[in-house]
Trainee: 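This is the structure, below, for whatever I ask next.
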Amino acid sequence: MTTRFRQHSSHWGAFRARTTPGGGLEIEPFEGDPDPSALLRNIPSALSHPARLSRPLVRKGWLEDGPGPDARRGSDGYVTLDWDTALDLGARELQRLGASPALPVGPPLPGARVFGGSYGWASAGRFHHAQSQLHRFLNTAFGGYVASVDTYSTAAGSVILSMVWGDAMKLNRDHPYLDELAEQTELLIAFGGLPLRNTAVSGGGNSQHSARQALERAAERGAGFVSISPIADDMAALPGLVHLAPRPGTDVALMLGMAHRLHETGRADRAYLDRYTTGYDRFLPYLTGAADGIPKTPDWAAGICGVPAPDIAALADRAAASRTLVNVTYSLQRAENGEQPVWMALTLAAMLGQGAAPGAGFCYGLGSIGNVGKVRLDVPLPTLPQGRNGVGDFIPCARIAELLLHPGKSYSYKGERRRYADIRLVYWAGGNPFHHHQDLTRLAQAFARPDTIIVHDSVGTATARHADIVFPATITAEREDIGAGGNDPFLVAMEPLAPVQGEARDDYAIFAALADRIGCAPAFTEGLDTEGWLRRLYAPTQAALLARGSPAPDYDDFRQGMILPLPLNHADGAIRRFHADPDAHPLRTPSGRIEIFSARVAEAGLPGHPAWLPPAEWLGAPLASQHPFQLVANQPAGRLHSQLDFGAASRESKNDGREVARLNPDDAARLGVKAGDVIRIWNGRGAVLAAALPSAGIRAGVVQLATGAWYAPVHLPGVGKTCVNGNPNAVTSDRGASVLSQGCAGQLALVSVERFGGPIPDTVPHEEILPRGRPENGAA
Ligand code: PGD
């Protein structure tokens, strides 16, 4: 292929690239990006890594014995088939399960037995977005599918905020927090810190990494920062930074201690609370202890969170005396009772009474994802129409194991009683549940239940290893697309950078071929090829640009490598309008105000106001006497989730291919562990090996192991099943955050830690996670 530089994009930044004579890829970040991400270095490895899949694979047991529940998934062998044979097999199975050319009229729709939630980040690009393609296909072939709602990133937080604040994602999208932080904030209280590693990525694209600059501009102005996290480097080392390290999962107690101090010293802003909130008077008896005999004083809080009471009181005093922004990251809510820290942070900010002032008030998710807090766009982005899902059934996304294990079981979500469907087909494209879900031993049991599991991926992940049919997908570098993400100010032409490896096909081509065999191709493709779709998707954005008088090139010009600036909408967003006139611009909550007491939350089975609800797995729990370490399974710095785990930046973050776990030097000394030793992290759910790194920035009693190492369970003599590569979800719990949100609670778990005594097992290379079979049907 050509050696000229071509434009492209990823979730972690826009870039241009050219092939090198050796078949590699030379990458240059987009010159307009003020702080390009090091994750760009992972991309070249994607082209020809041996973990890439090039031909369809079918599981032997499924091929020989036919569809049905099968505990061999995860350990069975695979046969390589040619495309036609594999597509014929796939289409026949889809037809057996009810796929048809003509949509059935009325229930029961065959799609009610198909799980197509297919959670996952997939890759940037508006047309080749794997999940959207899958949804469109299932809507066409099955009349719909059982979907999933919310995200692993934020479910507890989004659900509670949707009831007491409004649509958090929308509110965050239309408020310029980053500019305000840079220019106006005097004190940032960052619960969960503000980890720049997370701001490197944003779904769809992140061509402007601006969080670091915003923090530095604030620091230059003399702003103060308080990072509250058990991990010191969750915030950049800015001048004036104060770090408080609570026990993991106890931030609510710390916030309550601050709230008590504000109340006791008469600095809870009654005027703000009266005008903008409801229910403070029902929260107050809990805060003062009038309701339960326990005043939530700084002393009380210190006993739980481990931060000294004077520090808690001083922080409340400082917050009341400054223009203070209270930010809470998604990490705090990815935990049992994860609704509470988010709701309590909102309540604390309301008591400070500064929500109307730019640079002050409450923010959710700065430091969790790159595009939170940027100015919103003023034109629609290209979007693939997914059709209509006639099934209408869904699960909260982190209930996948429950769904498959317990058809018919009832559960609650947002106060509603629901039942799990009886799923016969699981179809996954663009996600890796054997990376992202918790308690992976249990997930493997769940994946034994359906008749058939089909997976598209470009690489042989642990999820593909649990599938019956694996269709190899192309990577973005091999296809043309349009890159764009919410709040990202550029539309990026994604030019193909390299020829397709092996026989991989675009997800669209795979679905089109299946649709053709089923007889629903006209409805699925609408007679368009990829280029036809790209032109169609581009047209509404171009029309909107034209209507505003902005540059609006034709698609033929755009696709030649343009990075097109998109107009921004600087008009007041919902938070500003609400503060200007709460009667004219109410929040989307039952009262139209910030709800410090919520009848709907109380009806759903939780306290009606924010409260300290001790989780089953925290350092003060009875279980801690058995498993005395708190595992923090957070986001990795060297990759996005499990993507390109074999890339250069990801590899450098490991030790001999094994993920690194950090722990406090005193704990390490007590355990006889030194840097580079292999440690075993385990509990009643499973075990994982990691390379130890003693680090003074980790609170005592905490072990930090990032997510994303490819799951590689191996039976070790005398120890049992252990992930030798370092995936923390071997030991996390998949209980829901609460009966309200049923969200992912995978960030925290109680574990034991010990130096691994036996012979050190090798890690499993990425290309061996999914064993490839020998070609059949004479296909070479
Ligand atoms: P990814 O690694 O991004 O993880 O979970 P998610 O499943 O999103 O998986 C994307 C997959 O899609 C990869 O296997 C990639 O190869 C594939 N893919 C990429 N592009 C394409 C394409 O074009 N076509 C096809 N067919 N496939 C493609 C992420 C999830 O993990 C998230 S969002 C969060 S925030 C959670 N975080 C935690 C956590 O904090 N702690 C724990 N313990 N667990 C977590 N899991 C969650």
Trainee: Taking Arg217 for its side chain and Glu183 for its backbone only, find out whether a donor-acceptor pair lies under 3.5 Å.
Mentor: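 No; judged by distance alone, with no hydrogens or angles, the pair does not exist.
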Trainee: Tell me, with the steps shown, if Asp234 and Arg197 meet salt bridge (charged side-chain N to carboxylate O under 4.0 Å, His left out).
Mentor: CA-CA 9 Å; Asp234 271 346; Arg197 65 173 186 277; 3.3 Å; yes
Trainee: Between Ser158 and Tyr364, do the side chains contain an N or O donor and an N or O acceptor separated by less than 3.5 Å?
Mentor: no
Trainee: For Met351, run the side-chain contact (heavy atoms from CB on, under 4.5 Å) check against Val326, Leu287, Thr277, Leu346 and tell me which one passes.
Mentor: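 Passing option: Leu287.
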Trainee: Would you please say whether a donor-acceptor pair under 3.5 Å links the side chains of Ser229 and Ser227?
Mentor: no
Trainee: Whether Asp667 and Arg662 form a salt bridge (side-chain N of Lys/Arg under 4.0 Å from carboxylate O of Asp/Glu) is what I want to check.
Mentor: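 Asp667 and Arg662: not salt-bridged.
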Trainee: Which of these passes side-chain contact (heavy atoms from CB on, under 4.5 Å) with Phe629: Val751, Asn664, Ile681?
Mentor: Val751
Trainee: Taking Thr297 for the side chain and Trp300 for the main chain, is one N or O donor matched with an acceptor at less than 3.5 Å?
Mentor: yes
Trainee: Yes or no on ring-ring contact (aromatic ring centres under 6.0 Å, His included) for His585 and Phe578, after CA distance, side-chain angles and deciding distance?
Mentor: CA-CA 5 Å; His585 303 289; Phe578 167 68; 9.4 Å; no
Trainee: Specify the closest pair of heavy atoms between Ala155 and Ser741, including all atoms of both residues, with the distance to one decimal.
Mentor: O-CB, 4.0 Å
Trainee: Quick check against the 3.5 Å criterion: does Arg334 have a side-chain atom that pairs as donor or acceptor with the backbone of Ser153?
Mentor: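 Yes, the answer is positive, given that a donor and an acceptor are paired below the 3.5 Å cut-off.
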Trainee: Are the side chain of Asn337 and the backbone N or O of Leu613 linked by a donor-acceptor pair below 3.5 Å?
Mentor: yes
Trainee: Tell me, do Tyr272 and Leu352 make a side-chain contact under 4.5 Å, heavy atoms counted?
Mentor: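 A side-chain contact is absent here, since even the closest heavy-atom pair is not under 4.5 Å.
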Trainee: Apply side chain to side chain donor-acceptor pair (under 3.5 Å) to the pair Gln208 and Asp488, showing each step before the final yes or no.
Mentor: CA-CA 7 Å; Gln208 298 286 287; Asp488 189 55; over 6 Å; no
Trainee: Any donor-acceptor pair under 3.5 Å linking the side chain of Glu617 with the backbone of Ala749?
Mentor: no
Trainee: Between the side chains of Asn172 and Lys374, is a donor N or O closer than 3.5 angstrom to an acceptor N or O?
Mentor: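 Distance-only check fails for Asn172 and Lys374.
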Trainee: Which heavy atom of Leu740 sits nearest to which heavy atom of Ile160, and what is that distance?
Mentor: CD2-CD1, 3.9 Å
Trainee: Taking the six-membered ring for Trp, are Trp121 and His11 parallel (under 30°), tilted (30 to 60°) or perpendicular (over 60°)?
Mentor: perpendicular
Trainee: Classify the side-chain pair His609/Glu595 by whether it contains a donor and acceptor separated by less than 3.5 Å.
Mentor: no
Trainee: Run the side-chain contact (heavy atoms from CB on, under 4.5 Å) test on Val242 and Phe225 for me, step by step, so that the C-alpha distance in whole Å, both residues' side-chain angles and the decisive distance to 0.1 Å come before the verdict.
Mentor: CA-CA 6 Å; Val242 174; Phe225 309 92; over 6 Å; no
Trainee: Side chains of residues 33-40: which donor-acceptor partners sit under 3.5 Å, not counting sequence neighbours?
Mentor:
{"from": "Asp33", "atom 1": "OD1", "to": "Asp35", "atom 2": "N", "distance (Å)": "3.0"}
{"from": "Asp33", "atom 1": "OD1", "to": "His209", "atom 2": "N", "distance (Å)": "3.1"}
{"from": "Asp33", "atom 1": "OD1", "to": "His209", "atom 2": "ND1", "distance (Å)": "3.3"}
{"from": "Asp33", "atom 1": "OD2", "to": "His209", "atom 2": "ND1", "distance (Å)": "2.7"}
{"from": "Asp35", "atom 1": "OD1", "to": "Arg212", "atom 2": "NE", "distance (Å)": "3.4"}
{"from": "Asp35", "atom 1": "OD2", "to": "Arg212", "atom 2": "NE", "distance (Å)": "2.8"}
{"from": "Ser37", "atom 1": "OG", "to": "Leu39", "atom 2": "N", "distance (Å)": "2.9"}

Trainee: So, for Ser207 and Pro489, which heavy atoms are closest and what is the spacing to 0.1 Å?
Mentor: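 Of all heavy-atom pairs spanning Ser207 and Pro489, the closest is OG-CD, 4.3 Å.
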Trainee: Students often mix this up, so state it plainly: with edges at 30° and 60°, are the rings of His579 and Tyr276 parallel, tilted or perpendicular?
Mentor: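 Judged by the thresholds at 30° and 60°, the geometry between His579 and Tyr276 is tilted.
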Trainee: For a side-chain contact (heavy atoms from CB on, under 4.5 Å) check, start with the C-alpha distance between Leu750 and Leu619, then their side-chain angles and the critical distance, and finish with the verdict.
Mentor: CA-CA 8 Å; Leu750 283 180; Leu619 289 171; 4.2 Å; yes
Trainee: Over all heavy atoms of both residues, which pair between Gln635 and Asn198 is shortest? Give the atoms and the distance, please.
Mentor: CB-OD1, 3.3 Å
Trainee: Return the orientation label for the His263 and His260 ring planes: parallel under 30°, perpendicular over 60°, tilted otherwise.
Mentor: perpendicular
Trainee: Do Arg588 and Asp167 meet the salt-bridge criterion of a basic N to acidic O distance under 4.0 Å?
Mentor: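 Here Asp167 does not pair with Arg588 in a salt bridge, since their nearest N and O are not under 4.0 Å apart.
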Trainee: Do you know which two heavy atoms are closest between Ala706 and Pro728, and how far apart they sit?
Mentor: O-CD, 3.4 Å
Trainee: Asn655 and Ala691: which non-hydrogen atoms are nearest, and at how many Å?
Mentor: CB-CB, 3.5 Å
Trainee: Kindly indicate whether the side chain of Leu188, heavy atoms from C-beta on, has any atom under 4.5 Å from the side chain of Leu194.
Mentor: yes
Trainee: Between Asp274 and Arg270, does any NZ, NE, NH1 or NH2 come within less than 4.0 Å of an OD or OE carboxylate oxygen?
Mentor: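 Salt bridge: yes.
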Trainee: Distance from Leu631 atom CG to Gln704 atom CD, nearest 0.5 Å?
Mentor: 8.5 Å
Trainee: Aromatic ring centroids of Trp343 and Trp612 under 6.0 Å?
Mentor: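 Not under 6.0 Å, so no.
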Trainee: Under a 4.0 Å N-O cut-off, is there an ion pair linking Glu652 with Arg41?
Mentor: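 Arg41 and Glu652: salt-bridged.
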Trainee: What orientation do His641 and His435 show, parallel under 30°, tilted 30 to 60°, or perpendicular over 60°?
Mentor: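 His641 vs His435 ring planes: tilted.
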Trainee: Answer yes if the side chains of Glu339 and Ser738 hold a donor-acceptor pair under 3.5 Å, and no otherwise.
Mentor: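 Their side chains do contain a donor-acceptor pair, which is all the 3.5 Å distance test asks for.
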Trainee: Determine, for Lys654 against Asp645, whether the closest basic-nitrogen to carboxylate-oxygen distance falls under 4.0 angstrom.
Mentor: yes
Trainee: Could you go step by step and tell me if Arg247 and Arg699 meet the side-chain contact (heavy atoms from CB on, under 4.5 Å) rule?
Mentor: CA-CA 8 Å; Arg247 292 191 182 101; Arg699 192 191 200 283; 3.9 Å; yes
Trainee: After noting the C-alpha distance and the side-chain angles of Ile189 and Met258, does the key distance pass the side-chain contact (heavy atoms from CB on, under 4.5 Å) rule?
Mentor: CA-CA 12 Å; Ile189 303 184; Met258 290 175 67; 4.0 Å; yes
Trainee: Compute both the distance and the angle, then confirm whether Arg282 meets the cation-pi test with Phe597: under 6.0 Å from the six-membered ring centre, within 45 degrees of the axis.
Mentor: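 Positive - Arg282 is close enough to the ring of Phe597 and near enough to its axis.
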Trainee: Answer whether the closest heavy-atom distance between the side chains of Arg323 and Pro358 falls below 4.5 Å.
Mentor: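 A side-chain contact under 4.5 Å exists here.
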Trainee: May I ask you to decide whether Asp317 forms a salt bridge with Arg267, counting only side-chain N to carboxylate O separations under 4.0 Å?
Mentor: yes
Trainee: Supply the atom-to-atom distance Ile563 CD1 to Ser9 OG, rounded to the nearest 0.5 angstrom.
Mentor: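 So the CD1 of Ile563 and the OG of Ser9 are separated by 7.5 Å.
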Trainee: Would you mind checking if Arg639 and Glu659 are paired as a salt bridge, meaning a charged N to carboxylate O distance below 4.0 Å?
Mentor: yes
